[in-house]
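A short write-up of the structure that comes next.
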Amino acid sequence: MKKVAILGSTGSIGTQALDVIRANRDRFKVTSLTCGKNIEELSKQIEEFSPRLVVTADETDALILAKRYPKLEVMYGESGLIAAAEDDSEILLNSLMGMRGLVPTYRGIRSGKDIALANKETLVAGGELVMDAVHKSGVKLLPVDSEHSAIFQCLQGNQGKRIKRILLTASGGPFRGYNRKQLEEVTLEQALKHPKWTMGRKITIDSATMMNKGLEVIEARWLFDVPLTDIQVLVHPESIVHSAVEFEDTSVIAQMGLPDMRIPISVALGYPERIPYEGRSLDFFQEGANLTFEEPDTDVFGCIKLAYAASEAGGSYPVVMNAANEVLVDKFLKGKISFVDIEKNIEKILELHTPSYNLGLNDIIEIDQIIRKEVMG
Ligand SMILES: NC(=O)C1=CN([C@@H]2O[C@H](COP(=O)(O)OP(=O)(O)OC[C@H]3O[C@@H](n4cnc5c(N)ncnc54)[C@H](OP(=O)(O)O)[C@@H]3O)[C@@H](O)[C@H]2O)C=CC1
Ligand SMILES: CC(=O)[C@@H](O)[C@H](O)COP(=O)(O)O
Ligand SMILES: [Mn+2]
């Protein structure tokens, strides 16, 4: 039985991970589960998976659960997330949304456990630090993000071959083909309608601005130790090729499949036998089927350029970009700013930023907090 702790178990990734675990109950034991405020969903998970520890964001919710489940260890806040990350599980699935996942990821690595990472903001803000900790502690960092899982799968059995280029695919989001003027008019409702994937709200907006692809470029850089110049974004609206790797010998290996996150989650959890998506198939290979690819329009979707530039500049720039993006997306979700204000404000904040370098964990946390306060206003 593989013991698994899941941070963010009540979210889109977390609940799909529990789908995979449910289909393989003899293979997994759930040790810790966490939520933000959704204690009703967490209660259902407690009843079904009997974790030893659960964590909520706030004390009030923790007290409710402690009363409801007197035998259960209930904690809250970052100390609770760290306790879950350092519990006796062998693998930590981090499916938290946002930079809040950095510290628990780091502590999980230092406690010697393998990390299944969906929480891409962790690598955007602290990639260099996290990868250094991974190498020093000898744990495995297994990507859950569908493109990075695809690249990871392409690399299996090809470790000796030199990577020439990573082809990072993108759906193009709900506004593919729009011009700047049209983007100025889009609504929150339209931005939340992703053409292919059903995901949490924040990543769905990131996909609409294409900042998600920018975050994924940075994620790929750290995960696969590949220069930014060798990571190419390709818009592929069918979302069947989840990414590909071109090797020095000019061969290309691609991973294809249904847009179903339970596939990359299963890969990261170690290919459990039974898969919860039986009965579905990739009915693509038929006469006349074709796959289309196009360059992203980075004049319209400038977030991609901002991400490359921030990662190229290094130091505190990616931390600032990520923090600003999280706050601005939240403002857009709350109807406080327009869609194009997200990119405009990130660009302005990066232009005005005085960088710092050689950041430790506390520096990253402090810069993140300062930018959040500034952008929240
Ligand atoms: N969804 C997807 O298909 C994909 C997601 N990812 C990445 O995976 C990560 C998770 O995404 P997704 O599942 O969509 O996100 P969701 O918003 O659906 O879930 C986020 C999880 O974090 C919890 N959470 C929210 N706020 C807090 C808080 N203040 N303190 C503690 N926990 C909190 C949520 O709890 P609650 O339920 O109580 O709000 C939930 O369990 C992100 O980094 C995303 O970019 C990557 C690829 C695909
Ligand atoms: C499912 C997943 O991995 C998401 O990151 C998804 O890829 C977002 O799609 P975009 O390609 O539109 O950003
Ligand atoms: Mn992705």
Side-chain angles (χ1 to χ4, degrees), residues 6-18 33-43 45 54-58 61-62 75-82 84 93-105 116-125 143-151 168-176 191 193-217 219-220 233-239 241-243 257-265 268 296 301 303-304 322 325-326 329-330 333:
I6 305 179
L7 305 185
S9 61
T10 52
S12 163
I13 291 287
T15 49
Q16 293 181 80
L18 288 172
L33 297 172
T34 86
C35 78
K37 300 209 57 59
N38 191 345
I39 58 172
E40 293 320 316
E41 179 63 26
L42 190 59
S43 296
Q45 297 176 353
V54 295
V55 182
T56 62
D58 309 322
D61 290 331
M75 295 179 73
Y76 65 93
E78 184 169 79
S79 56
L81 293 174
I82 292 169
L93 168 60
N94 185 344
S95 39
L96 290 168
M97 186 282 286
M99 228 299 275
R100 65 173 60 86
L102 174 60
V103 171
T105 300
L117 188 70
N119 174 238
K120 65 187 80 177
E121 294 89 350
T122 279
L123 287 180
V124 172
V144 172
D145 203 345
S146 68
E147 298 80 1
H148 307 75
S149 175
I151 296 160
L168 189 71
T169 53
S171 74
F175 306 132
R176 183 170 71 90
K193 281 207 180 81
H194 194 280
K196 288 288 175 185
W197 297 90
T198 308
M199 309 180 285
R201 289 164 60 86
K202 191 261 183 183
I203 183 174
T204 304
I205 300 305
D206 281 344
S207 295
T209 63
M210 291 198 78
M211 177 55 93
N212 182 54
K213 221 37 68 178
L215 301 179
E216 293 186 347
V217 167
E219 189 183 0
V233 172
L234 274 177
V235 173
H236 164 55
E238 297 83 1
S239 295
V241 176
H242 298 304
S243 279
L258 290 166
D260 183 331
M261 277 309 291
R262 294 172 302 178
I263 299 172
I265 290 167
F301 298 98
C303 284
I304 299 177
N322 182 71
N325 184 58
E326 286 190 35
V329 167
D330 191 49
L333 285 169

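Read the numbers this way: they start at 1 and go in the same order the structure lists the ligands and their atoms.
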For ligand 1, which is the ligand I care about here, please tell me if S12 has any N or O atom under 3.5 Å from one of the ligand's N or O atoms. yes
Please identify which atoms of ligand 1 are closer than 4.0 Å to at least one heavy atom of G200. 1 (N), 14 (O), 18 (O)
Considering the heavy atoms of G8, write down every atom of ligand 1 situated less than 4.0 Å from one of them. 21 (C), 41 (O)
Provide the atom name of the closest N, O or S atom of D145 relative to the Mn ion (ligand 3). OD1
Per-atom contacts of ligand 1 with M199, taking only distances under 4.0 Å to non-hydrogen atoms: 1 (N), 2 (C), 3 (O)
T169 versus K213: any side-chain heavy-atom pair under 4.5 Å? no
Measure the distance from atom 5 (O) of ligand 2 to every protein heavy atom, then report the residue, atom name and distance (to 0.1 Å) of the closest one. E216 OE2, 2.8 Å
Measuring from atom 9 (C) of ligand 1, which candidate in D61, L96, I203 has the nearest non-hydrogen atom? L96
Would K120 count as a contact of ligand 1 if the rule is a heavy atom under 4.0 Å away? yes
Give the atom numbers and elements of ligand 2 that come within less than 4.0 Å of a heavy atom of D145. 2 (C), 3 (O), 5 (O)
For ligand 1, which atoms, with element, lie under 4.0 Å from some heavy atom of M97? 20 (C), 22 (O)
If you scan protein heavy atoms around atom 4 (C) of ligand 2, the nearest is M199 SD, 3.6 Å
Would you check whether T169 has a nitrogen or oxygen atom less than 3.5 angstrom from a nitrogen or oxygen atom of ligand 2? no
Contact partition for R201 relative to ligand 1, non-hydrogen atoms under 4.0 Å: neither
Closest protein heavy atom (residue, atom, distance) for atom 5 (C) of ligand 1: I13 CG1, 3.5 Å
Which protein non-hydrogen atom lies closest to atom 9 (O) of ligand 2, naming both residue and atom, and how far is it? H194 NE2, 3.4 Å
Quick check on contacts: which atoms of ligand 1 are under 4.0 angstrom from a heavy atom of N119? 43 (O)
Starting from the Mn ion (ligand 3), look over the N/O/S atoms of E147 and name the nearest one. OE1
For atom 3 (O) of ligand 2, closest protein heavy-atom neighbour: S146 OG, 2.6 Å
Which of the numbered atoms in ligand 1 are below 4.0 angstrom from a heavy atom of A57? 30 (N)
Just to check, does S95 reach to within less than 4.0 Å of ligand 1 when the distance is taken from its heavy atoms? yes
With the threshold set at under 4.0 angstrom, would you say D206 reaches ligand 2 through any of its heavy atoms? no
C35 heavy atoms within 4.0 Å reach ligand 1 at atoms 31 (C), 32 (N), 35 (O), 38 (O)
Closest approach to the Mn ion (ligand 3) by E216, given as the N, O or S atom name: OE2
Give me the residue, atom name and distance of the protein heavy atom closest to atom 13 (O) of ligand 2. N212 ND2, 2.8 Å
